[in-house]
Amino acid sequence: MSTRIVADFEQARPPQAAGAPHPALRPLLARAYSGYRADADQSDRLRRPATTSVSLILKIQDSAHRPPAFVHGAHDSCATIQGACAPSYLEVRLAPIGAYVLLGVPVHEFNASIVDLRDLLGPDSDRLVEKVRAAPDWAYRFRLIDEHLLHRTASGPRPASAVAWAWQRLLATSGTIPIRAIAAEVGWSNKHLIDKFRQQVGLPPKTVARLIRFNRLLSCLDESPLPRWERIAADCGYADQAHLVRDFREFAGTTPTGFLDAARPADRVHRVQDEFVLDL
């Protein structure tokens with residue numbers, strides 16, 4: 001069982017190349033740029049854990065499954081994608097709110113969906129794919145992505161200050177602060193905050209809070225090779241161990257012990273905060 005888990009997760013292998021984005025883009029991205037080549041024995045079924053981030057994929061070599069460039073929206077449960085990866089592709093992981101700024105549309109509209117980048121960017125999508133495919137190496141491709149995203153940042157919508165504040169408060173409290181308390185801090189009703197948060201972050205704030213808590217749990221596991229589940233559950237804000245197991249099944253598609261037995265790489269489950277902290 002554990003071997004199958006590793007094979008099916010998209011992040012089960014490290015990228016062939018990684019590139020640091022321009023400093024001005026870091027608040028909008030969840031992690032560094034990644035370049036991949038598909039494994040020869042790859043599965044035709046990918047399982048992606050729940051995540052608040054939005055993946056932007058540009059195929060360097062085309063394939064039968066999915067458009068040449070597409071986005072995969074945030075999703076609140078482990079998702080299965082049918083069809084093998086392209087032989088070579090570039091991934092940009094957009095942070096919550098960063099996707100709203102860079103794509104210029106309400107991100108909740110494509111939650112858990114795969115959307116052709118043309119439907120979001122029009123002809124700019126085709127031009128970007130052509131440039132990236134013609135580039136001589138990964139470093140040049142990453143520079144092209146920098147240029148494209150910097151241009152979009154200048155013209156993209158800005159998130160509501162209350163939404164950015166809510167996101168930061170959830171991060172700062174590891175998802176433990178009640179949503180009603182955040183609403184009171186910004187002077188909005190609960191409903192208005194939830195609606196605007198979903199529009200600009202993608203998922204409801206309560207779901208995001210659970211994912212942040214789960215992210216903290218994963219960090220605890222990285223530090224403890226032989227975890228004491230009851231202690232970790234309490235330290236990470238879970239009411240009991242049953243709630244911890246529920247989140248593993250819902251967000252990672254496996255049990256806590258199954259997750260550990262899979263000998264996961266450090267980033268197999270998408271981290272909510274990843275490498276960069278949103279600061280808008």
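- One finds no salt bridge joining E147 and R141 here, because no Lys/Arg side-chain nitrogen approaches an Asp/Glu carboxylate oxygen to under 4.0 Å.
- Within a 6.0 Å sphere centred on CZ of R246, heavy atoms belonging to other residues, nucleotides or ligands number more than 12.
- The two residues N190 and A183 have their closest heavy-atom pair at OD1-CB, 3.3 Å.
- To the nearest 0.5 Å, atom SG of residue C236 and atom CZ of residue R231 are 10.5 Å apart.
- Side-chain N/O atoms of S53 and T51 include a donor and acceptor closer than 3.5 Å.
- Rounding to the nearest 0.5 Å gives a distance of 10.0 Å between CD of E250 and CZ of F214.
- Panel note: side chain S174, backbone L170; no donor-acceptor pair is recorded below 3.5 Å.
- Classification of the Y36-Y89 ring pair by plane angle, with boundaries at 30° and 60°, yields parallel.
- You'll find the side chain of W188 stays beyond 4.5 Å of the side chain of I194, heavy atoms only.
- Of all heavy-atom pairs between V105 and Y100, the closest is O-CD1, 3.4 Å.
- Using a 4.5 Å heavy-atom cutoff, the side chains of R213 and T176 are not in contact.
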Sequence neighbours excluded and cut-off under 3.5 Å, please list the side-chain donor-acceptor pairs for residues 106-117, or say none.
residue, atom, partner, partner atom, Å
N111, ND2, G202, O, 2.5
S113, OG, N111, O, 3.1
D116, OD1, R118, N, 2.9

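- With 3.5 Å as the limit, one finds a donor-acceptor pair spanning the side chains of S55 and R48.
- Annotation for P68 and R133: closest pair CB-NH2, 3.6 Å, computed over non-hydrogen atoms.
- Contact annotation: the side chain of P96 never approaches that of V208 to less than 4.5 Å [non-hydrogen atoms, C-beta and beyond].
- Considering every non-hydrogen atom in both I179 and P205, the closest pair reads CD1-CB, 3.6 Å.
- Here the side chains of V54 and R93 are not in contact, with every heavy-atom distance at 4.5 Å or above.
- More than 12 heavy atoms of other residues, nucleotides or ligands shown are found within 6.0 angstrom of CH2 on W229.
- Judged by distance alone, the side chains of S88 and Q61 never bring a donor and an acceptor atom under 3.5 Å apart.
- Within the 4.5 Å cutoff, the side chain of T257 has no heavy atoms near those of the F248 side chain.
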Checking L218 against F259 for the side-chain contact (heavy atoms from CB on, under 4.5 Å) test, could you report, in this order, the C-alpha distance in whole Å, the side-chain angles of both residues, the deciding distance, and whether it holds? CA-CA 10 Å; L218 296 180; F259 183 87; 3.9 Å; yes

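- Considering CD of E130 and CG of L128, their distance stands at 9.5 Å, rounded to 0.5 Å.
- By the 4.0 Å N-to-carboxylate-O rule, R228 lies too far from E230 to be salt-bridged with it.
- Atom CD1 of I60 sits about 6.5 Å away from atom CG of L58, to the nearest 0.5 Å.
- Side-chain contact between L149 and V92: present, with at least one pair of heavy atoms (C-beta onward) separated by less than 4.5 Å.
- Annotation: K59, atom NZ; neighbour count of heavy atoms from other residues, nucleotides and ligands within 6.0 Å is above 12.
- In this structure, the separation between CZ on F251 and OG on S77 is 8.5 Å, given to the nearest 0.5 Å.
- Atom NE2 of H192 has more than 12 neighbouring heavy atoms from other residues, nucleotides or ligands inside a 6.0 Å radius.
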Just do the side-chain contact (heavy atoms from CB on, under 4.5 Å) check on K196 and V201 with the steps written out, would you? CA-CA 8 Å; K196 285 295 184 182; V201 174; over 6 Å; no

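- Judged by distance alone, the side chain of S125 and the main-chain N or O of L121 form no donor-acceptor pair under 3.5 Å.
- With contacts defined as side-chain heavy-atom distances shorter than 4.5 Å, the pair P227/C220 does not qualify.
- Between the side chain of T207 and the backbone N or O of L203, no donor-acceptor pair lies under 3.5 Å.
- To the nearest 0.5 Å, atom OH of residue Y33 and atom CD1 of residue I145 are 6.5 Å apart.
- The closest donor-acceptor contact from the side chain of Q200 to the backbone of A160 lies under 3.5 Å.
- Judged by distance alone, with hydrogens and angles left aside, the side-chain atoms of D146 form no donor-acceptor pair with the main-chain N or O of P21 at under 3.5 Å.
- A salt bridge is defined here as a Lys NZ or Arg NE, NH1 or NH2 lying under 4.0 Å from an Asp or Glu carboxylate O, and D195 with K191 meets this definition.
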Stepwise, does the side-chain contact (heavy atoms from CB on, under 4.5 Å) test hold for L56 with E91? CA-CA 6 Å; L56 167 59; E91 181 182 30; over 6 Å; no

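- Between I97 and A164, the closest heavy-atom pair is CD1-CA, 3.8 Å.
- Pairing each heavy atom of A181 with each of I177, the nearest pair is CB-CG1, 4.0 Å.
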Should Y238 and L244 be marked as a side-chain contact (heavy atoms from CB on, under 4.5 Å) after you check the CA-CA gap, both sets of side-chain angles, and the distance that decides it? CA-CA 6 Å; Y238 285 90; L244 180 151; 4.1 Å; yes

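- Using a 4.5 Å heavy-atom cutoff, the side chains of V245 and T255 are not in contact.
- Listed for the R198 side chain is no donor-acceptor partner under 3.5 Å among the backbone atoms of P204.
- Looking at R210, its side chain never comes within 3.5 Å of a backbone N or O of G175 through a donor-acceptor pair.
- In this structure a side-chain-to-backbone donor-acceptor pair under 3.5 Å is missing from H148 to R143.
- In this structure a side-chain-to-backbone donor-acceptor pair under 3.5 Å is present from H75 to G73.
- Salt bridge annotation for R216-D235: absent, with no cationic side-chain nitrogen under 4.0 angstrom from a carboxylate oxygen.
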